[in-house]
**Student:** 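My structure is below; once you've seen it, I'll send some questions.
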There are 2 protein chains.
Amino acid sequence: MVSFEGLRLNSGSPIYRQIVLYLKKGIASGHIADGEELPSRRVLSALLGVNPNTVQKAFGILEEEGMIRSHSGARSFVKADSDVAGRIRMELTLEQARALASSMKQMSVTREQTLELIDRVWGEEE
Amino acid sequence: MVSFEGLRLNSGSPIYRQIVLYLKKGIASGHIADGEELPSRRVLSALLGVNPNTVQKAFGILEEEGMIRSHSGARSFVKADSDVAGRIRMELTLEQARALASSMKQMSVTREQTLELIDRVWGEEE
DNA sequence: AAAACCGTATTAGTTGTATAATACGGTTTA
DNA sequence: TAAACCGTATTATACAACTAATACGGTTTT
């Protein structure tokens, strides 16, 4: 069963997108495996303290994008073979690295400063 | 006069927030200097193709946060001495570096992989 | 078979974002 | 001084995101 304990919702972006991204990252990292069972919409919405429809929207998107499979009436399952996981991982990491580089350039932060900053921040506690 | 030519609006986040962030980054980089004149709400909204109220919302936030000053009737000006600029720069870069580190960790990407990825992406054309 | 659970769908209400039209009084400028 | 421009404010409308309550039929479980 996929655990959503690590999901900390914030108000910066729509909740359904945070749920989608959480599952994508889980697949990318390998923490969420192919064929794994998902909690039901009702159970997950209660766990996260959000509306069942919000979870349904997230799961609907995930199914459209081919990352889960749902049969009406039964539980849903993760669909993430190694090819899919590798592709998602590549997409997400590239996208985020590019966004950071672009943003730092806008602030006239050099490549060296950026690398040093990330290296330093990496060791911080949360 | 502050130029907003580099501002490319996208649909990923609210427009007023994009305007706020653009000016903050400009101050952080030093491209937007203390005391510089800002375009009027009407002129800027026409330039960006958005509603004057959207620009007003962004400028209202910027004034609340002490990054511009407005006198009713006259133009507005940037308020960004070196202390302010340095503080904003520190806040934004730290925030973004932390977000990236956190995100990469969620995908089980190592520190070395992250640094290598950013180093590689930095040299890409846009 | 019956109960419990599931995915899915519908309708309604609230909030935030953005547009649109307009108005008021203060400042600049010709 | 008068025109033009400015910051600011108000009201109305539209749409997306989110919440809420409810319902239907299919699947699992006992």
Side-chain angles (χ1 to χ4, degrees), chain A residues 1-4 7-24 32 34-80, chain B residues 1-4 7-24 32 34-80:
Chain A
M1 172 77 77
V2 178
S3 164
F4 282 82
L7 215 191
R8 289 290 169 271
L9 297 174
N10 62 312
S11 57
S13 66
I15 294 174
Y16 75 93
R17 274 194 234 167
Q18 296 182 48
I19 296 172
V20 168
L21 191 58
Y22 179 83
L23 202 124
K24 281 190 183 180
I32 297 177
D34 190 44
E36 202 167 354
E37 196 175 11
L38 285 161
S40 75
R41 274 71 161 162
R42 289 170 179 83
V43 167
L44 180 55
S45 66
L47 178 67
L48 297 179
V50 302
N51 195 275
N53 290 351
T54 303
V55 175
Q56 166 61 14
K57 179 156 191 179
F59 279 24
I61 291 174
L62 286 165
E63 188 174 24
E64 274 185 7
E65 297 190 7
M67 252 106 55
I68 71 174
R69 57 192 160 85
S70 309
H71 337 343
S72 184
R75 285 248 182 69
S76 302
F77 295 88
V78 175
K79 199 164 63 179
Chain B
M1 172 77 76
V2 178
S3 164
F4 283 81
L7 215 191
R8 288 292 169 269
L9 296 174
N10 63 311
S11 56
S13 65
I15 295 173
Y16 75 93
R17 275 195 234 169
Q18 296 182 48
I19 296 173
V20 168
L21 190 59
Y22 179 83
L23 203 123
K24 282 190 183 180
I32 297 177
D34 189 46
E36 203 167 353
E37 196 176 10
L38 286 161
S40 76
R41 273 72 162 162
R42 289 169 179 83
V43 168
L44 180 55
S45 66
L47 177 69
L48 297 177
V50 302
N51 194 275
N53 292 351
T54 302
V55 176
Q56 167 60 14
K57 178 155 192 179
F59 279 24
I61 291 173
L62 286 165
E63 189 175 23
E64 273 184 9
E65 297 191 6
M67 251 105 57
I68 72 175
R69 57 193 160 86
S70 310
H71 338 345
S72 183
R75 285 247 182 68
S76 302
F77 295 87
V78 175
K79 199 164 63 180

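Note on naming: letters A, B, ... go to the chains in the order of the sequence lines (proteins, then strands), and numbering restarts at 1 for each one. Bear in mind that the values here come from a model prediction, so they are computed numbers and not experimental data.
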**Student:** Whole angstroms only, please: what is the CD1-C1' distance between B/Ile68 and D/dC6?
**Tutor:** 13 Å
**Student:** Could you report the tightest heavy-atom contact between A/Tyr16 and A/Ala58, atom names first, then the distance?
**Tutor:** O-CB, 3.5 Å
**Student:** Checking contacts here: which listed nucleotide (D/dC6, C/dT17, D/dT27) is nearest the side-chain heavy atoms of B/Ser40?
**Tutor:** D/dC6
**Student:** Tell me the interatomic distance from A/Asn53, atom CG, to D/dA21, atom C1', rounded to whole angstroms.
**Tutor:** 9 Å
**Student:** What pair of heavy atoms forms the shortest contact from B/Leu44 to B/Pro39, and how long is it?
**Tutor:** CB-CG, 4.2 Å
**Student:** Go through C/dA18, D/dA21, D/dT8 for me and flag the one nearest to the B/Pro14 side chain.
**Tutor:** C/dA18
**Student:** Taking only N and O in the side chain of A/Tyr16, is any of them less than 4.0 Å away from OP1 or OP2 of D/dA17?
**Tutor:** yes
**Student:** Can you tell me the distance, in whole Å, between the CG atom of B/Leu38 and the P atom of D/dG7?
**Tutor:** 9 Å
**Student:** Output the single nucleotide from D/dC18, D/dG7, C/dT17 whose closest atom is nearest the side chain of B/Ser70.
**Tutor:** D/dG7
**Student:** Taking atom P of D/dG7 as reference, at what distance in whole Å does atom CZ of B/Phe77 sit?
**Tutor:** 10 Å
**Student:** Kindly say if A/Lys57 contacts the phosphate of D/dA17, meaning a side-chain N or O under 4.0 Å from OP1 or OP2.
**Tutor:** yes
**Student:** Any donor-acceptor pair under 3.5 Å between the side chain of A/Asn51 and the base of D/dA20?
**Tutor:** yes
**Student:** Taking the minimum atom-to-atom distance to the side chain of B/Gln56, which one of D/dT8, D/dA17, D/dT19 wins?
**Tutor:** D/dT8
**Student:** Below 3.5 Å, does any donor atom in the side chain of A/Arg75 face an acceptor in the base of C/dG7, or the other way round?
**Tutor:** no
**Student:** Less than 4.0 angstrom from a charged side-chain N to a carboxylate O is my criterion; do B/Lys24 and B/Glu65 meet it?
**Tutor:** yes
**Student:** Using whole Å, report how far CD1 of A/Ile61 lies from C1' of D/dC18.
**Tutor:** 13 Å
**Student:** Does A/Thr54 make a side-chain N or O approach to OP1 or OP2 of D/dT19 shorter than 4.0 Å?
**Tutor:** yes
**Student:** Could you state the CE-C1' distance from B/Met1 to D/dC5, rounded to the nearest angstrom?
**Tutor:** 12 Å
**Student:** For A/Leu48 and D/dA20, what is the distance between atoms CG and C1' respectively, to the nearest whole Å?
**Tutor:** 17 Å
**Student:** Establish, with yes or no, whether the OP1 or OP2 oxygen of C/dT17 is under 4.0 angstrom from a side-chain nitrogen or oxygen of B/Arg17.
**Tutor:** yes
**Student:** Tell me whether B/Glu36 contacts the main-chain N or O of B/Phe77 through its side chain, where contact means a donor paired with an acceptor under 3.5 Å.
**Tutor:** no
**Student:** So which one's nearest nucleotide on DNA chain C is more toward 5', B/Arg42 or B/Pro52?
**Tutor:** B/Pro52
**Student:** Ignoring the backbone of B/Ala74, work out which of C/dT19, C/dT27, C/dT8 is nearest its side chain.
**Tutor:** C/dT27
**Student:** Would you check if there is a donor-acceptor pair between the side chains of A/Arg41 and A/Ser76 at a distance under 3.5 Å?
**Tutor:** yes
**Student:** Should B/Ser76 be listed as having a side-chain N or O under 4.0 Å from OP1 or OP2 of D/dG7?
**Tutor:** yes
**Student:** Expressed in angstrom and rounded to an integer, what is the separation of B/Arg41 atom CZ from D/dG7 atom C1'?
**Tutor:** 6 Å
**Student:** Classify the nucleic acid contact of A/Phe59 as base, sugar-phosphate or nothing, counting any heavy atom under 4.0 Å across all strands shown.
**Tutor:** nothing
**Student:** With a 3.5 Å distance limit and no angle check, can you tell me whether B/Glu37 reaches the backbone of B/Val2 through a side-chain donor-acceptor pair?
**Tutor:** no
